[in-house]
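Scroll down for the structure; my scribbles are underneath it.
Here the structure is a predicted model, which means the values were calculated and not measured. First listed ligand is number 1; within each ligand, the first listed atom is number 1.
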Amino acid sequence: MSTVKLHDKEFRISIPETEIIKEISRVANEINRDYKGKRPILLGVLNGCFMFAAELLKRLDIECEVSFVKLSSYQGTASTGVIKEVIGLSESLGGRDIIIIEDIVDTGLTMQRMLESLGTREPASIEIASLFLKPARLQVPVNVKYSALTIPDRFIVGYGLDYNGLGRNLPNIYEAID
Ligand code: IMP
C-alpha cells in the first residue's frame, strides 16, 4: 500500500518498517550500553507508544522493568487552559532510573508535563526515548536523549500514531498529503 485513506485524509508512505526497525535497534544498543549494570524502569506513554515499546524492549538485554501511563486531558480554568494529568503511576519511583517511551515529541509540552510530574517522585534519573522528533515544532526545551528518527513538520500516522483514532496498526509510516 503506497497510499491510505483515513477518515477524510489521504496519506502516502514515507518511512518503511525496515528503516524504523533499524533505528529502533540503534536506540536499543545505546540504552544497553548506557544502562549496563543498572535496572531502569521503562515507562511507556499510551496509546501511541505501544509498537515502539514492544520493538525496543525485545532488543534490550539489560535487566529492566516496564510500566505504562496515560495522560488525561481536561479543560482547566481559562487561565490554565488544557491541563494534562499523568494517570496510572503506581510504582515507587524514588531513586530509580526512568526512561520514558514516547511515540513522538512535537511541541514538547507533553514531555514537559511528564518530567514535571515524575520529578516530584524523586527518581535517580529521567531520560526520554522517542520514536520521532519534530525539531521544527518544539515550543519548550526538552532533551530527548534517545530519538530514533528526526522528521520534518508533517503530520504522520502508523506504527502506533493515529489520525483521529485510525492508523495505529499500520506497520509503515505515512504522511498526510495536503
Ligand atoms: P506534544 O505535546 O506537542 O509534543 O505532542 C505529543 C503528542 O501529540 C504525541 O504523543 C502524539 O500523540 C501527538 N502527535 C504529535 N504529532 C503527531 C503526528 O504527526 N501524528 C500523530 N500524532 C501526533
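Listed by atom number, the atoms of ligand 1 under 4.0 Å from R154 heavy atoms are 19 (O). Atoms of ligand 1 lying under 4.0 Å from at least one heavy atom of K134, given by number and element, are 16 (N), 17 (C), 18 (C), 19 (O). If you number the atoms of ligand 1 from 1 as listed, the ones under 4.0 Å from a heavy atom of D162 come out as 21 (C). Counting the atoms of ligand 1 from 1 in the order shown, those under 4.0 Å from a heavy atom of E102 are 10 (O).
Annotation for E116: atom CD counts as buried by contact number, over 12 foreign heavy atoms lying within 6.0 Å. Residue-environment remark: CZ (R39) stays at or below the threshold of 12 foreign heavy atoms within 6.0 Å. The environment of CG in N164 is crowded: more than 12 heavy-atom neighbours from other residues, nucleotides or ligands sit within 6.0 Å.
Distance from atom 20 (N) of ligand 1 to its nearest protein heavy atom, with residue and atom name: I156 O, 2.6 Å. Remark: minimum distance from atom 1 (P) of ligand 1 to any protein heavy atom is reached at T107 OG1, 3.3 Å. The protein heavy-atom contact nearest to atom 2 (O) of ligand 1 is T110 OG1, 2.4 Å. Considering only non-hydrogen protein atoms, atom 10 (O) of ligand 1 sits nearest to D103 OD1, 2.8 Å. Among all non-hydrogen protein atoms, the one lying nearest atom 6 (C) of ligand 1 is I104 O, 3.5 Å. Here the protein heavy atom with the shortest distance to atom 15 (C) of ligand 1 is D106 CB, 3.6 Å.
F11 and Y163 have their aromatic ring centers within a separation under 6.0 angstrom.
In this structure, V142 does not count as a contact residue of ligand 1, since none of its heavy atoms falls inside 4.0 Å of the ligand. Not close to ligand 1: R113, with no non-hydrogen atom less than 4.0 angstrom away. Heavy atoms of L161 come nearer than 4.0 angstrom to ligand 1 in at least one pair.
The distance from the CD1 atom of I41 to the CD1 atom of I98 is 6.5 Å, given to the nearest 0.5 Å.
Contact annotation: for R137 versus ligand 1, there are no heavy atoms closer than 4.0 Å.
If you check the side chains of T3 and R12, you find no donor sitting under 3.5 Å from an acceptor.
A salt bridge links E23 to R26: at least one charged side-chain nitrogen sits closer than 4.0 Å to a carboxylate oxygen. Checked for salt-bridge contact, E10 and K5 miss the test: no charged N lies under 4.0 Å from a carboxylate O.
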| query | Going through the checks in order, is the side-chain contact (heavy atoms from CB on, under 4.5 Å) test met by Q139 and L109? | reply | CA-CA 7 Å; Q139 286 180 17; L109 294 169; 3.7 Å; yes
| task | Check step by step if side-chain contact (heavy atoms from CB on, under 4.5 Å) holds for E17 and Y159. | result | CA-CA 8 Å; E17 185 179 15; Y159 222 84; 4.3 Å; yes
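In terms of N/O distances under 3.5 Å, ligand 1 is approached by G108.
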